Amino acid sequence: MSAYFEIKDLLVGFRTFEETRPVLNIERLAIERGETYGLVGESGAGKTVLALTILGLLPKPAGVIQRGEIWFDGEDLLKKSESELASLYRGKRLAMIFQDPMSTLNPVFTVGQQIERVIEYHQGLRGHSRTQKAVELLEMVKLADAKNILKKYPHELSGGQRQRVVIAIALSCGAEFLIADEPTRNLDVTIQAGILQLIDELRKNLRITVLFIANNVSLVNVFCKRVGILYRGKLVEEGPSPLVIREPLHPYTQTLISALPRDRSERPRFSGFELKPEAPQGCPFYSRCPIGVEFCVQQQPRLEAVIRPEHKAACFLARSR
Ligand SMILES: Nc1ncnc2c1ncn2[C@@H]1O[C@H](COP(=O)(O)OP(=O)(O)OP(=O)(O)O)[C@@H](O)[C@H]1O
Ligand code: SF4
Ligand SMILES: [Mg+2]
């Protein structure tokens with residue numbers, strides 16, 4: 001029996017002239033209904049590719065799903081046709097917020113025109129009831145003076161206001177699963193906190209499930225019950241957020257956490273790496289790992305429970321430290 005949302009044995013690659021280059025290789029990632037799961041990884045780790053794969057939006061023909069299953073409420077999304085995904089899932093049950101709100105908003109239409117078009121398309125509302133619904137949605141995302149905002153063009157809003165509009169559009173059709181792909185990446189720290197707070201409130205009030213993608217582990221600590229650390233397309237650690245942050249098991253997670261500033265005035269600290277050769281048959285982190293041993297070159301470590309059943313790491317030496 002699959003979880004509410006569950007990825008099984010997913011392998012995704014991008015075609016080049018010579019080969020299909022693997023980009024994602026996830027053995028299992030499960031999310032419970034109503035949970036916020038944080039997925040953290042550096043640039044290029046495969047976070048957006050994962051989000052696009054879930055929604056059936058992987059760029060084709062370059063992107064290839066080589067194998068795997070993505071279970072959502074009892075159905076394998078990878079077995080759905082494009083028309084089923086478009087008519088029954090995307091927007092209706094699964095929604096996504098992209099890291100740059102301007103990639104969702106069209107600069108030549110007002111906020112009202114854009115949000116009302118979505119309401120009309122999905123809910124068939126027109127005229128006053130359509131505008132009323134748009135106002136309600138903007139109020140839901142805590143935008144003051146919603147009627148006035150409807151008349152504005154995206155460039156007339158602040159970054160935080162734009163991202164709130166995007167969240168309103170994403171949730172306008174009652175989606176129950178929200179993928180938030182670094183929704184605060186380009187925002188100031190104080191504005192970030194407001195958006196994260198909003199997503200958390202919406203999760204509770206609308207009873208939605210959230211896959212929250214971030215490139216910074218500090219963002220997931222407060223709002224995500226569990227966190228997964230993605231490195232070169234693989235989950236290298238997973239567990240309850242406070243535990244992963246307090247007692248990281250994988251050397252990569254330890255590096256991420258030691259790079260966090262201790263207070264706001266301090267700049268991020270990065271521990272130095274002595275780069276070693278890559279280990280194509282072995283651990284993907286070997287070339288950057290400060291404690292890797294010869295054995296790590298020969299085999300790929302699997303994501304397995306270490307000490308506690310709910311805290312997993314893909315590292316041969318995790319148990320011995
Ligand atoms: N259309 C594409 N064609 C070929 N390769 C791609 C394409 N899109 C992404 N990739 C590759 O897939 C890998 C993962 O990219 P992805 O955009 O998922 O990273 P990310 O974790 O979202 O990074 P960021 O934090 O910068 O958004 C990268 O190596 C990237 O070069
Ligand atoms: S398996 Fe080896 S190389 Fe990989 S993270 Fe663990 S110690 Fe480092
Ligand atoms: Mg991305």
Side-chain angles (χ1 to χ4, degrees), residues 7 10-26 29 38-66 96-101 103-104 179-186 211-217 219-220 227-238 248-258 271 273-304 306 312-321:
I7 293 174
L10 180 68
L11 189 63
V12 178
F14 277 101
R15 276 199 191 105
T16 63
F17 283 117
E18 298 91 33
E19 52 167 10
T20 299
R21 188 170 64 88
V23 169
L24 268 184
N25 185 351
I26 296 183
L29 189 164
L39 185 70
V40 177
E42 62 194 11
S43 191
K47 306 180 298 293
T48 299
V49 168
L50 177 63
L52 297 176
T53 305
I54 295 168
L55 293 169
L57 294 174
L58 192 66
K60 301 271 175 66
V64 200
I65 299 167
Q66 292 166 285
M96 178 156 171
I97 313 169
F98 292 89
Q99 58 198 47
D100 173 15
S103 65
T104 305
I179 304 174
D181 186 5
E182 303 197 57
T184 60
R185 182 160 168 153
N186 302 317
L211 171 58
F212 183 83
I213 294 174
N215 67 356
N216 183 335
V217 82
L219 286 181
V220 304
V227 61
I229 309 291
L230 196 68
Y231 182 76
R232 291 201 186 168
K234 290 188 162 218
L235 272 183
V236 295
E237 183 156 356
E238 186 185 59
L249 294 166
H250 196 280
Y252 176 59
T253 321
Q254 288 164 357
T255 309
L256 287 180
I257 292 182
S258 73
S271 52
F273 289 112
E274 190 198 332
L275 275 180
K276 298 192 282 297
E278 296 285 341
Q281 311 303 322
C283 173
F285 191 60
Y286 177 75
S287 68
R288 288 168 65 181
C289 185
I291 57 164
V293 292
E294 207 173 305
F295 185 67
C296 308
V297 179
Q298 292 153 20
Q299 279 193 44
Q300 299 224 354
R302 297 186 64 173
L303 188 70
E304 284 172 340
V306 181
K312 298 174 182 168
C315 171
F316 294 121
L317 302 188
R319 205 178 279 272
S320 60
R321 276 175 288 129

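No experiment lies behind these values; they were computed from the predicted model shown. Note that ligands are numbered from 1 as they come in the structure, with each ligand's atoms numbered from 1 the same way.
Heavy-atom contacts of Tyr286 reach the following atoms of ligand 2: 3 (S) (cutoff under 4.0 Å). For ligand 2, the atoms lying closer than 4.0 Å to a non-hydrogen atom of Cys289 are 3 (S), 5 (S), 7 (S), 8 (Fe). The Phe316 neighbourhood of ligand 2 comprises atoms 1 (S), 6 (Fe), with distances under 4.0 Å to a heavy atom of that residue. Of all atoms in ligand 2, listed by their number and element, those nearer than 4.0 Å to a heavy atom of Pro251 are 5 (S). Interface atoms of ligand 2 facing Cys296, defined by a heavy-atom separation under 4.0 Å, are 1 (S), 2 (Fe), 3 (S), 7 (S). Atoms of ligand 2 lying under 4.0 Å from any heavy atom of Leu317, numbered from 1 in the order shown and given with element: 7 (S). Listed by atom number, the atoms of ligand 2 under 4.0 Å from His250 heavy atoms are 5 (S).
Inter-residue side-chain proximity for Leu211 and Leu39 is flagged as met; some heavy-atom pair is nearer than 4.5 Å. Side-chain contact between Gln298 and Gln281 is absent, with no heavy atoms from C-beta onward closer than 4.5 Å. Considering only heavy atoms from C-beta on, Phe14 comes within 4.5 Å of Val49 through its side chain.
Checking Tyr252 against Glu42 by side-chain atom types alone, a donor-acceptor pair falls below 3.5 Å.
By the criterion of a heavy-atom distance under 4.0 Å, both the backbone and the side chain of Cys315 are placed next to ligand 2.
The aromatic rings of Tyr231 and Phe285 sit perpendicular, their planes meeting at an angle over 60°, well past the 30° parallel limit.
Considering CG of Asn215 and CD of Gln99, their distance stands at 8.5 Å, rounded to 0.5 Å.
Nearest heavy atom pair, residue Ala313 against residue Leu249, reads CB-CB, 3.8 Å.
Sorted by chain and number, the heavy-atom contacts of ligand 1 below 4.0 Å come from Phe14, Arg21, Val23, Glu42, Ser43, Gly44, Ala45, Gly46, Lys47, Thr48, Val49, Pro59, Gln99, Glu182, Arg185.
Using a cutoff of 4.0 Å between basic side-chain nitrogens and carboxylate oxygens, Glu237 and Lys312 are not scored as salt-bridged.
Taking backbone and side chain together, Cys283 holds an N, O or S atom under 2.8 Å from atom 4 (Fe) of ligand 2.
With sequence neighbours excluded, no residue forms a side chain to side chain donor-acceptor pair (under 3.5 Å) with Thr184.
Other residues, nucleotides and ligands contribute at most 12 non-hydrogen atoms within 6.0 Å of the CD atom of Glu294.
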